[in-house]
Structures are given as C-alpha cells and as structure tokens.
Amino acid sequence: MKFRQVHLDFHTSGLIPEIGGQFSKEQFQKALKIGHVNSITVFSKCHHGWAYHPSTANKMHPHLSFDLLGAQLEACKEIGVNAPVYISAGFDEKEVHEHPEWLNVSPDGVENSTFTKAHYHLMCYNTPYLDVLEKQVEEVMQRYNPCGIFLDISNVRECVCASCVKSMKEKGLNPENREDIRKHGEMVYANYCKRMEAAVRKYSATATIFHNAGHIAHGRRDLAGYDTHLELESLPTGGWGYDHFPMSSAYVRTLGKEFLGMTGKFHTSWGEFGGFKHPNALIYETGLSLACGAAISVGDQMHPGGEMNESTYRLIGAAYEQVEKKEPWCEGAKNIADIAVLSCEAVLGGKSRDNRSNTGANRILLEGKHLFNFIDEEADFSGYKLLILPDQILLCEKWQARIEEYLKKGGKVLLTGVSGMDMGMKKFVLDVGAEFDGFFPFRPDYLVPDFECTNGQTAYVMYAQGMGLKNVTGEVFAHRQASYFNRAWDHFCSHKHTPNDVSAPLLPAAVQKGNICYIGWNVFEDYAEYGELVVKELVLHAIDRLLGDERTVKAALPDRGVVTVTRQGERKIVHLLFAHTTVRGRNIEVIEDAVPLYDVAVSLKTDKAPGKVYLAPQGKEIPFAYENDRVSFIVPKVVLHQMIAVE
C-alpha cells in the first residue's frame with residue numbers, strides 16, 4: 001500500500017460554470033510532486049451526481065467540456081502516481097430530484113432530509129438506482145481500467161421506502177418491526193456489495209475496492225470482508241477528534257487487512273474551501289498513522305476550476321516529505337500489543353463510533369502509555385498479557401470457558417462495572433474475589449483508595465454507577481463510601497451533589513484475586529464523561545498490579561504523549577509522539593506549536609541485548625543499557641514524532 005495518498009473530493013454544483021477550465025496536466029503533476037504524493041483518489045462521480053468524463057451511464061457535468069477524469073489519470077500515470085477512482089454511491093442529488101421514489105426513507109416516517117434544505121439526499125439500494133450505479137461502475141472500469149474503486153457513503157441502512165416495504169412483505173418481514181427493517185437492510189447492503197464487486201471484477205482481478213461509511217464498525221468482519229483494504233476516515237477537527245483514530249486502528253489492525261488513516265488538510269472538515277490546518281498538525285497526524293501501523297491519506301477538495309491549490313500541497317508536502325524518509329522503518333511493520341480490550345461496540349452493537357466505555361478505555365490506555373488492541377468476539381486473545389472487559393460485558397457460558405482457559409495459562413483479566421457477570425446480571429461467573437451485592441444505591445458515591453494517589457488518601461467523587469460487593473475473599477485495593485442521600489427536589493445539598501457521609505462505613509469497591517482485578521464502577525464510561533484523574537489512577541493501578549514489569553514499554557511522556565512499538569523483522573521501532581492541542585472557536589481541537597520534549601526516558605522489554613539503538617530516520621546512535629531483559633535509553637529530543645530503532 002502506498003504511504004502518501006491524497007483523497008481528492010470534487011463535489012461540484014451544476015450551477016457553477018467553466019468546470020475544469022484551469023486544469024493543467026503540468027500544474028496537476030507539479031502539485032503532486034510538491035506534496036510528495038504517490039497515490040491520489042480522483043473522481044468519476046460526485047455527491048451532486050455528475051460525471052467528470054464522457055458518459056452513457058451518467059450525465060457529464062453540464063459545464064465540463066472535456067474528459068477531466070481521463071486527463072487526471074493520464075497525468076498520474078506519467079509520473080508513477082497511483083490513481084484509484086471515486087464514485088459517490090450513497091448520494092446522487094441529480095438522480096433524487098428526477099426519481100424521488102429512489103430516496104431512502106427513515107422508519108420513523110421522515111425522509112433523510114427535506115428538499116428545501118441545502119443537503120444531500122440518501123439513496124436506497126433496493127430501487128432501480130442500484131442498476132444505474134452498477135452501470136456507472138462498469139463504465140469506469142471498462143473505459144479507464146483504474147487500480148481501484150472507492151465507493152462513498154456506503155453502509156447498511158434502515159429504509160421503508162415503497163420498494164423496501166414491498167420487498168419485506170415478499171420475504172415475510174414486518175416493515176413495522178425495527179429488527180426486521182434492520183435485517184432487510186443487511187440483505188440489501190450485501191446485495192449491493194456483491195453487485196459492485198462483480199462490476200469491478202468483470203474488468204479487473206486486481207483493482208482495489210473500498211466502501212466508505214466514515215467508521216469501521218467493531219465486530220462487523222462481514223462488512224470489512226467486502227473491502228480489499230480499509231480506509232479509516234478520521235478527521236480530528238471534523239467531528240472525529242484526536243482519540244478516534246488510535247481507537248479505530250487498534251481494532252482494525254487485528255483484522256489482517258492493509259489499512260490507511262484518512263485525515264484532512266482542512267481546518268474543520270470536508271467541503272471547506274480555503275480552510276487550512278497548521279503544518280505541525282498534519283506532521284503529527286501522519287506520524288500517528290505510522291505509529292499505529294497505517295499508511296496515510298490526506299483529504300483535499302479541488303476548486304471547480306480544476307487548478308490544484310499549491311498552498312495545500314506545500315502543506316501536505318511538509319508532512320509527506322518526512323513520511324517519505326520514515327517509510328523504510330514502517331513498511332511491513334506490525335504493532336505489538338500487551339493488552340486486549342474486548343470492544344463494547346463489537347459485543348453490544350450500536351451505531352455510534354463513540355461508545356463511552358470504549359472511549360474511556362482508549363483514553364486511559366493511551367495516557368497510561370500502554371500498548372493495546374481492541375478485539376471482537378471472533379479474535380484470539382490467548383497471546384495478550386492482559387484482557388480488559390470494560391463496564392458492560394456480560395458473559396455467556398462459552399465466554400466464561402474461554403476466559404477460564406486463558407487464566408489457567410497465565411493470562412490476566414481486568415473487569416469493571418457489570419463485566420464478568422452472568423447474562424442476567426445476578427452474579428459473577430468468574431472468581432473475582434467477591435460476590436455481587438446489587439447496584440449501589442447512592443450515586444454519586446465516593447472512592448477511598450488504598451493506594452497512593454496524586455491528591456492523597458481522601459474521598460473522591462465517582463459519578464458512574466457503582467456495584468456493591470460482599471463476602472470478599474480477595475485483596476481490596478479501593479473502598480467506597482456513601483453520601484448522605486441522593487440528590488432530589490426535597491433533599492439536596494449545595495450546587496452539584498451531596499458530600500460523603502463520614503460516619504458511613506468504608507465498603508470494598510475494588511479487589512484482586514489471583515490474576516483477576518475487579519473495579520466496582522463503570523470507570524471507563526466515567527472517564528469518557530468526566531476525565532477525573534483519580535479514575536485513571538485507579539485503572540492504571542489495577543493494570544500495574546496485574547502486569548507488573550511485564551509491560552513491553554515504559555516512556556516518560558506527558559499525558560497527551562503517545563507511545564507505540566512496532567516489529568519489523570529483527571528490529572523493534574519505538575514511536576514517540578507529542579502534540580500540544582488547544583481548543584479554538586467552538587470545540588475545534590487544533591495543533592499549531594511543535595512543543596519539543598527533551599531527554600525522554602524509555603525502557604523496552606526485549607529477549608536479548610540489542611546491537612544498537614538509533615534515531616530513525618536520522619540514523620544517529622544513542623547510548624543504551626541492558627539489564628533484566630530490558631533495554632533503557634534516553635531520547636534527546638522529540639518534536640511531534642520520533643522513531644527509535646532497536647536492532
């Protein structure tokens with residue numbers, strides 16, 4: 001997979017004149033060279049529905065007078081740049097106005113959006129629209145033979161349009177039943193994917209195919225199976241945030257497919273003409289992709305006139321020039337992980353890419369400098385040192401047996417909230433060193449730690465639901481204390497919540513027995529919502545109790561620092577990242593200043609002493625010491641992203 005890609009949008013209204021009038025092959029090539037780009041996704045059809053080439057399967061943009069797609073493909077071929085082709089599969093504004101009966105209709109009785117709003121409309125794949133789309137894909141493949149097809153806005157949908165209602169009735173499904181609607185949507189999407197694949201494979205056995213839904217759903221290996229590779233759309237300033245990509249990649253890299261991280265050059269998100277982020281932000285984001293085992297794609301949108309914005313490609317080039325130098329230490333490299341987190345999204349489903357328990361676990365592990373993957377129920381977790389079941393994971397007999405076998409072989413387990421309980425939430429099915437004593441009646445209640453915390457031994461408020469414990473046989477490492485009463489209209493205290501009742505007994509709240517630690521709160525959900533320091537310290541203390549010195553890497557980075565370790569043949573590569581983020585405008589998190597870190601101490605577990613340790617790609621060797629199966633060294637300076645090769 002090419003490491004330095006661009007995703008070039010071109011969603012252009014039919015009202016804009018002189019489309020591509022300023023396009024120049026030489027200027028297009030110049031921009032790609034400025035940007036150090038070696039692959040660019042160019043466009044056949046946009047969200048407005050227009051083709052950017054002569055077409056019998058579609059209508060060419062009314063103000064385009066030449067084959068723009070063909071010209072771009074020719075320009076790329078001449079300079080050895082890959083060029084997969086983009087086709088908007090889910091939006092087609094031109095067709096929906098001509099065929100409103102092809103519109104996806106929500107089961108809530110409301111269309112995707114009204115026709116009086118400035119917004120695209122979602123098409124239904126269970127209508128003749130799919131035939132139109134299939135012909136458009138075939139036409140591109142037959143005429144241009146591209147190296148790949150990118151199909152956008154593609155996902156399982158719930159629809160009760162006339163075609164879907166008729167189809168559901170024919171299949172014995174109830175169009176008033178949400179579960180049946182979803183089941184039908186799965187059938188429709190599977191049919192769409194198979195027909196798109198057939199349309200591509202009719203002309204090419206090797207062209208890549210990707211269906212973009214904006215998020216790779218945890219636990220949906222069947223959906224990922226329709227793709228030849230995966231592209232993780234994750235624009236930090238566009239609504240995804242800086243936490244999303246590390247979490248998404250931590251799941252995707254367990255699926256065995258090549259993947260890339262897709263960010264954007266925009267200050268905010270897609271469709272922003274004249275919006276630019278600081279070059280340091282893109283340097284950090286591309287470094288984060290490499291650290292997480294991914295290639296990179298940067299989103300751009302070409303002006304309707306067809307001229308590439310050279311300021312954009314100088315911005316991209318500032319990052320890609322560095323990526324080009326780093327590639328030898330990233331090609332074929334695989335991430336090492338000590339910890340497997342069983343994804344709540346994978347187990348429980350749901351549409352959100354921001355499950356709070358997953359988000360909280362992701363943040364704590366990143367900030368704690370641990371190496372981790374998110375896994376689904378099909379994954380083999382036997383090779384991980386620690387398995388975390390965050391907050392919500394109830395255990396059937398099959399999973400109970402799998403975890404007990406893992407524990408017998410020396411595995412460690414951290415459970416929180418109701419995780420580890422039977423499917424009826426009546427009791428723990430694993431021996432956690434205590435019995436479940438019901439949901440604690442006071443919320444919030446208070447944590448009283450039995451370990452050292454930054455702010456000392458005191459009572460700390462815990463906002464999440466607590467679980468009572470009784471008949472404790474394990475070692476307690478944290479207690480809880482009730483408040484005087486729950487807050488209500490007829491009895492409340494102060495502005496926010498009632499203080500702890502100092503006369504109330506201290507009750508066990510977190511316990512360890514053997515290789516299992518249990519924390520009796522939904523701590524990961526709590527951390528995602530409130531981000532309290534003591535919650536992070538509680539979780540990290542439990543992990544330290546279980547992993548001890550078995551963790552692969554230790555790095556003295558600030559909380560926003562990130563460490564990963566990859567293996568590439570006989571060498572390991574430590575990735576250190578740090579960026580100072582700040583909020584601008586209304587909740588847009590940006591990176592501007594490259595704040596350097598000096599003398600960062602790193603300790604890496606290895607099975608033998610290395611021959612040398614050096615900064616990559618600089619090649620400068622740094623001193624190291626080897627003792628007790630760990631190599632220790634000091635990284636003199638980290639600016640946004642620094643790799644250290646240990647070989």
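Index from 1, following the sequence.
- Tyr86 and His7 have their aromatic ring centers within a separation under 6.0 angstrom.
- Looking only at atom types and distance, the side chain of Tyr242 has no donor-acceptor partner in the side chain of Thr581 under 3.5 Å away.
- No side-chain heavy atom of Tyr125 sits less than 4.5 Å from a side-chain heavy atom of Asn191.
- Judged purely by distance below 3.5 Å, without hydrogens or angles, the side chains of Ser311 and Arg314 pair a donor atom with an acceptor atom.
- Ion pair Glu321/Arg4 not flagged as a salt bridge, since none of the NZ, NE, NH1 or NH2 atoms sits closer than 4.0 Å to an Asp/Glu carboxylate oxygen.
- Aromatic ring centres of His211 and Phe150 lie farther apart than the 6.0 Å criterion allows.
- Between Lys277 and Glu592 there is no salt bridge, since no side-chain N of the basic residue sits under 4.0 Å from a carboxylate O of the acidic one.
- For Lys257 and Asp227, the salt-bridge test fails: no basic side-chain N is under 4.0 Å from an acidic carboxylate O.
- Contact of the Val6 side chain with the Thr41 side chain is not registered, since no non-hydrogen atoms from C-beta on lie closer than 4.5 Å.
- Judged by distance alone, with hydrogens and angles left aside, the side-chain atoms of Arg157 form a donor-acceptor pair with the main-chain N or O of Met123 at under 3.5 Å.
- Of the N and O atoms on the side chains of Glu258 and His229, not one donor lies less than 3.5 Å from an acceptor on the other residue.
- Using modelled atom types, one side-chain atom of Lys265 and one backbone atom of Gly275 make a donor-acceptor pair closer than 3.5 Å.
- Side chains of His53 and Ser44: a donor-acceptor N/O pair is present below 3.5 angstrom, by distance only.
- Panel note: side chain Lys334, backbone Gly332; no donor-acceptor pair is recorded below 3.5 Å.
- Within the 4.5 Å cutoff, side-chain heavy atoms of Trp329 are placed close to those of Pro617.
- Counted by atom type alone, Thr566 and Asn335 present zero donor-acceptor pairs between their side chains at under 3.5 Å.
- Using a distance-only test at 3.5 Å, with no hydrogens or angles considered, a donor-acceptor pair links the side chain of Thr228 to the main chain of Ile209.
- Proximity of a side-chain donor or acceptor of Asn358 to a complementary backbone N or O of Cys344 within less than 3.5 Å is detected.
- Residues Asp391 and Ser357 have side chains that bring a donor and an acceptor to within less than 3.5 angstrom of each other.
- At a threshold of 4.5 Å between non-hydrogen side-chain atoms, the residues Asn309 and His303 do not count as touching.
- Under 3.5 Å, the side chains of His215 and Glu345 contain a donor-acceptor pair of N or O atoms.
- In this model, a donor atom of one side chain and an acceptor atom of the other lie less than 3.5 Å apart for Tyr251 and Asp376.
- Formation of a donor-acceptor pair under 3.5 Å by the Arg363 side chain with backbone atoms of Ala528 is found in this model.
- A donor atom on one side chain and an acceptor atom on the other are not found under 3.5 Å apart for Gln72 and Tyr144.
- A centroid separation of 6.0 Å or more is found between the aromatic rings of His267 and His278.
- The side-chain heavy atoms of Phe266 and Phe276, taken from C-beta on, include no pair separated by under 4.5 Å.
- Contact of the Tyr192 side chain with the Val156 side chain is not registered, since no non-hydrogen atoms from C-beta on lie closer than 4.5 Å.
- Looking at Gln29, its side chain does come within 3.5 Å of a backbone N or O of Ala75 through a donor-acceptor pair.
- Here the side chains of Pro84 and Pro146 are not in contact, with every heavy-atom distance at 4.5 Å or above.
- Between the SG atom of Cys330 and the NZ atom of Lys325 there is a distance of 14.0 Å, given to the nearest 0.5 Å.
- Taking all atoms of both residues into account, the shortest heavy-atom contact from Pro304 to Ile16 is CB-CG2, 3.8 Å.
- Taking a cutoff of 4.0 Å between a charged side-chain nitrogen and a carboxylate oxygen, Glu98 and Lys59 qualify as a salt bridge.
- Side chain of Gln5 to main chain of Lys2: a donor-acceptor pair is present (N/O by atom type, distance under 3.5 Å, no hydrogens or angles).
- Counting heavy atoms from C-beta on, the side chains of His61 and Thr12 come closer than 4.5 Å.
- Partner of His641 under the side-chain hydrogen bond (donor to acceptor under 3.5 Å, both in side chains) criterion, chosen from His575, Glu285, Gln322: His575.
- Taking both residues in full, the closest heavy atoms of Ala207 and Met141 are given as CB-CE, 4.1 Å, listed atom of the first, atom of the second, then distance.
- Asp526 places a side-chain N or O within 3.5 Å of a backbone atom of Ala464 that can act as its donor or acceptor partner.
- Glu231 and Asn212 are not linked by any side-chain donor-acceptor pair at a separation below 3.5 angstrom, with hydrogens and angles left out of the test.
- Nearest heavy-atom pair across Thr254 and Arg221 is O-NH2, 4.1 Å.
- Between the side chain of Asn58 and the main chain of Gly49, a donor-acceptor pair closer than 3.5 Å is present.
- Electrostatic pairing of Arg560 and Glu589 counts as a salt bridge here, judged by a charged N lying under 4.0 Å from a carboxylate O.
- Note that CG of Leu260 is 11.5 Å distant from OG of Ser249, once rounded to the nearest 0.5 Å.
- Within 6.0 Å of CD on Glu18 lie no more than 12 heavy atoms contributed by other residues, nucleotides or ligands.
- Nearest heavy atoms, Val160 versus Cys164: CA-CB, 4.3 Å.
- Taking both residues in full, the closest heavy atoms of Gln136 and Ile87 are given as O-CD1, 4.4 Å, listed atom of the first, atom of the second, then distance.
- A distance of 6.0 Å or more separates the ring centres of Phe524 and Tyr527.
- Aromatic pair His36/Tyr320: ring centres not closer than 6.0 Å.
- Checked against the 6.0 Å centroid criterion, the rings of His11 and Phe43 do not qualify as a close aromatic pair.
- One finds a salt bridge joining Arg178 and Asp108 here, because a Lys/Arg side-chain nitrogen approaches an Asp/Glu carboxylate oxygen to under 4.0 Å.
- Phe23 approaches Ala71 most closely through the heavy-atom pair CE2-CB, 3.5 Å.
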